[in-house]
Each structure stands twice: as structure tokens, then as C-alpha cells.
Amino acid sequence: MIHNLTVGMLQEHTYFYIDEQTKHGFIIDPGAEAPRLLAYIKERGYVIEKILLTHGHVDHIGAAEAIREALGCSIIIHQEGKKYLEDANWNYSSQLGEAFTLSADYYVEHGDEIVLDANSDFKVRVIYAPGHTADGVAYYSEKDRLAFVGDIIFAGSVGRSDLPGGNSNRLLSAIRAQIFTLPDETILYPGHGNTTTVKKEKETNPVFNFFD
């Protein structure tokens, strides 16, 4: 089961990736509105085991601490995310309201698998694709042919690269090498905007059509 709540002033998508058998699962990028997210979880009887962060920008991490405190689950981010979580200038909270920092429970690297405790067949693989930020990752399920891509790539666009740790050449290279090599039918769930597929973005994304 995949559900999405759009939260915060930047209209960021918080995703719930839930195992239908156990109702355990992951929450991806809880960006804001913690009380609303927690009410949604309680209403549906979900058990959130882990908080997965695609990167350390404020609009993707703003509710993570409150979710962890309320549910006792772990926060997971790429190892390069430490500098974002622990620096309000890097995570951009100092520029967009009240500055805050937090810490992760686990730092992951490219290729790591994150497995649901309640069902070892329910898992995602970490795909490192920096360029929007230095810590950008996608969480990919081979079984379900889907990836939560944060702000790496959008339907018809890509993430901006002018904030700390960003690099446009690195981003485009990472998308080609790590996202466009996934199976064509893979559904991409971005941090903002509409869902899309690998095939569609390879064929129609104007950023790549322009540079290619």
C-alpha cells in the first residue's frame, strides 16, 4: 500500500509505504504537519518502523523528530545527510522559518537494503543519486517496481542544484546512471508534483532532451 499526504507550505509529498499483510511499514520524508501525519497513522492502524529521508532539506524532514518521539521509530538518511540534519543553514530551516537541527539513528550508503522487521520480504534498496543535495537518495523496491525519489527527478523536470551541496552536472549524471537504468515500468514517486515512470522521463523529460 502506498499513500501520500501533501504537507507544508512547499506542498511536499509524505509517503506511507505499508505492507498489507502486517500493516507495518515506512514513512518517507515527513516534511511538516506532524499532528496530521500521526492522526493518519493512528486512524489506519499502521505501525511505522522506520522514517526514511531522501535528503536533508527542511521541507522533507520538518516532522521527522516529532514522528520519532511519538512512535519510537528510527530516522534513516544517507551518510552525507549528517551535515544537513545537524546544520540549520544546510537543511535550509534557517532561511525558511524557525531554524532547527536533528540527528539520525542510522546512516546508509548506496546499495544498502532497509528491511521491514515484521516482514523480511518487504524492503527497499538505497540508490545514491546526489546533485540536488550531497546526500540525495532514492528508495527502490524491485518487487513492487517503484522508487521514492525525493527531489532528484520530477515529472518533466529535475531537482534544483543551487543550494548547499548541489551540483547540476552531478545530478544529471546520477539520474542517467542510477534512475534511468531502473526497469522502464518503475513508478517514480517524487517529493513534489505528479508520479511518473522511468520510461516516460527517459523519453520526454525536456532537461535531458535539451542536453542530449
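Positions are given from 1, in the same order as the sequence printed here. Reckoned from all heavy atoms, side chains included, excluding hydrogens, waters and symmetry mates. It should be emphasised that the depicted structure is a prediction, and the values quoted were computed from it without experimental measurement.
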S.K.: Drop me the distance from Tyr40's OH to Ile48's CD1, to the nearest 0.5 angstrom.
M.R.: 10.0 Å
S.K.: Hey, could you give me the OG1/CD distance between Thr101 and Glu65, rounded to the nearest 0.5 Å?
M.R.: 9.0 Å
S.K.: Output all residues satisfying side-chain hydrogen bond (donor to acceptor under 3.5 Å, both in side chains) with Asp184, sequence neighbours left out; order by chain, then residue number.
M.R.: Lys202
S.K.: Which residues satisfy the side chain to side chain contact (heavy atoms under 4.5 Å, CB included) test with Arg145, sequence neighbours excluded?
M.R.: Tyr140, Glu142, Pro183, Glu185, Thr186
S.K.: Which heavy-atom pair separates Ile75 from Ser103 by the least distance, and what is that distance?
M.R.: CD1-O, 4.0 Å
S.K.: For His13 and Gly193, indicate whether the former's side chain and the latter's backbone hold a donor-acceptor pair under 3.5 Å.
M.R.: yes
S.K.: Any side-chain heavy atom of Ser168 sitting closer than 4.5 Å to one from Leu171?
M.R.: no
S.K.: Looking at residues at least two apart in the chain, or sitting in another chain, which of them share a side chain to side chain contact (heavy atoms under 4.5 Å, CB included) with Lys200?
M.R.: Thr196, Thr197, Thr204
S.K.: Measure across Gly56 and Asn91 and return the closest heavy-atom pair with its distance rounded to 0.1 Å.
M.R.: O-CB, 3.0 Å
S.K.: Report yes if the side chains of Met1 and Asp19 come closer than 4.5 Å at any heavy-atom pair, otherwise no.
M.R.: no
S.K.: Give a yes or no answer on whether the side chain of Asn205 reaches the backbone of Ser157 with a donor-acceptor pair at less than 3.5 Å.
M.R.: yes
S.K.: Are side-chain heavy atoms of Leu38 and Leu71 found at a separation under 4.5 Å?
M.R.: yes
S.K.: Could you check whether any side-chain heavy atom of His60 comes within less than 4.5 Å of a side-chain heavy atom of Thr54, counting everything from C-beta outward?
M.R.: yes
S.K.: I need the Glu113 CD to Ser141 OG distance, nearest 0.5 Å.
M.R.: 10.0 Å
S.K.: With Asp135, which residues qualify under side-chain hydrogen bond (donor to acceptor under 3.5 Å, both in side chains), at least two apart?
M.R.: Thr133
S.K.: How is the hydrophobic cluster of Tyr84 composed, in terms of its other members, when Ile, Leu, Val, Met, Phe, Trp and Tyr link through side-chain heavy atoms under 4.5 Å apart, directly or indirectly?
M.R.: Trp90
S.K.: Checking Thr6 against Glu12 for the side chain to side chain contact (heavy atoms under 4.5 Å, CB included) test, could you report, in this order, the C-alpha distance in whole Å, the side-chain angles of both residues, the deciding distance, and whether it holds?
M.R.: CA-CA 5 Å; Thr6 303; Glu12 182 266 343; over 6 Å; no
S.K.: For Ala32, enumerate each residue passing the side chain to side chain contact (heavy atoms under 4.5 Å, CB included) test, keeping only those at least two apart in sequence or located in another chain.
M.R.: Val7
S.K.: Look only at the side chain of Gln11 and the backbone of Gly8, and say whether a donor-acceptor pair between them is shorter than 3.5 Å.
M.R.: yes
S.K.: Provide the closest heavy-atom pair for Arg68 versus Ile51 in the form atom of the first, atom of the second, distance.
M.R.: N-CD1, 3.8 Å
S.K.: Side chains of Leu37 and Thr14: closer than 4.5 Å at any heavy-atom pair?
M.R.: yes
S.K.: Tell me every residue that passes side chain to side chain contact (heavy atoms under 4.5 Å, CB included) with Thr181, counting only those two or more places apart in sequence or in another chain.
M.R.: none
S.K.: Report yes if the side chains of Asn169 and Ser161 come closer than 4.5 Å at any heavy-atom pair, otherwise no.
M.R.: no
S.K.: Are side-chain heavy atoms of Arg170 and Pro130 found at a separation under 4.5 Å?
M.R.: yes
S.K.: Inspect the surroundings of CG in Asn89 and state if more than 12 heavy atoms from other residues, nucleotides or ligands are less than 6.0 Å away.
M.R.: yes
S.K.: Scan side-chain atoms only and decide if Asn167 and His132 contain a donor-acceptor pair under the 3.5 Å cut-off.
M.R.: no
S.K.: Do Tyr46 and His24 touch side chain to side chain, with heavy atoms closer than 4.5 Å?
M.R.: no
S.K.: Check for me, please, whether Leu172 and Ile179 land in the same ILVMFWY cluster - side-chain distances under 4.5 Å, paths through other members count.
M.R.: yes
S.K.: Which residue pairs satisfy the salt bridge (charged side-chain N to carboxylate O under 4.0 Å, His left out) criterion with at least one member in residues 22-40, sequence neighbours excluded?
M.R.: Glu33-Arg36
S.K.: Compare every heavy atom of Leu182 with every heavy atom of Ala147, then report the nearest pair and how far apart it is.
M.R.: CB-CD1, 4.4 Å
S.K.: Can you name the closest pair of heavy atoms from Ala34 and Ala66 and give their distance?
M.R.: CB-CB, 3.6 Å
S.K.: When hydrophobic residues are tied together by side-chain contacts of less than 4.5 Å, even through go-betweens, does Ile77 share a cluster with Phe100?
M.R.: yes
S.K.: Sequence neighbours left out, what passes side-chain hydrogen bond (donor to acceptor under 3.5 Å, both in side chains) with Asp162? Give chain and number order.
M.R.: Arg160
S.K.: Does one hydrophobic cluster hold both Ile27 and Val115, with members joined at side-chain heavy-atom distances below 4.5 Å?
M.R.: no
S.K.: Would you name the heavy atoms of Gly191 and Asp151 that are closest together and state the gap between them?
M.R.: CA-OD1, 3.7 Å
S.K.: Apart from Tyr189 itself, what residues make up its hydrophobic cluster when side-chain heavy atoms of I, L, V, M, F, W and Y under 4.5 Å apart count as a link, directly or indirectly?
M.R.: Ile2, Tyr15, Tyr17, Phe26, Ile28, Leu52, Ile76, Tyr106, Val108, Ile114, Leu116, Phe122, Val124, Val126, Tyr128, Val137, Tyr139, Leu146, Phe148, Ile187
S.K.: I'd like to check the side-chain hydrogen bond (donor to acceptor under 3.5 Å, both in side chains) partners of Lys199; sequence neighbours left out, ordered by chain and number.
M.R.: Glu203
S.K.: Could you tell me whether a side-chain N or O of Glu201 sits under 3.5 Å from a main-chain N or O of Phe180, the two making a donor and an acceptor?
M.R.: no
S.K.: Quick one: side-chain hydrogen bond (donor to acceptor under 3.5 Å, both in side chains) pairs with a partner in residues 69-80, sequence neighbours left out?
M.R.: Glu80-Lys83
S.K.: Membership question, hydrophobic clusters at under 4.5 Å side-chain separation (ILVMFWY): are Val47 and Ile41 in the same one?
M.R.: no
S.K.: Hey, any chance Phe154 and Leu10 share a hydrophobic cluster, counting ILVMFWY side chains that come within less than 4.5 Å of each other, even indirectly?
M.R.: no
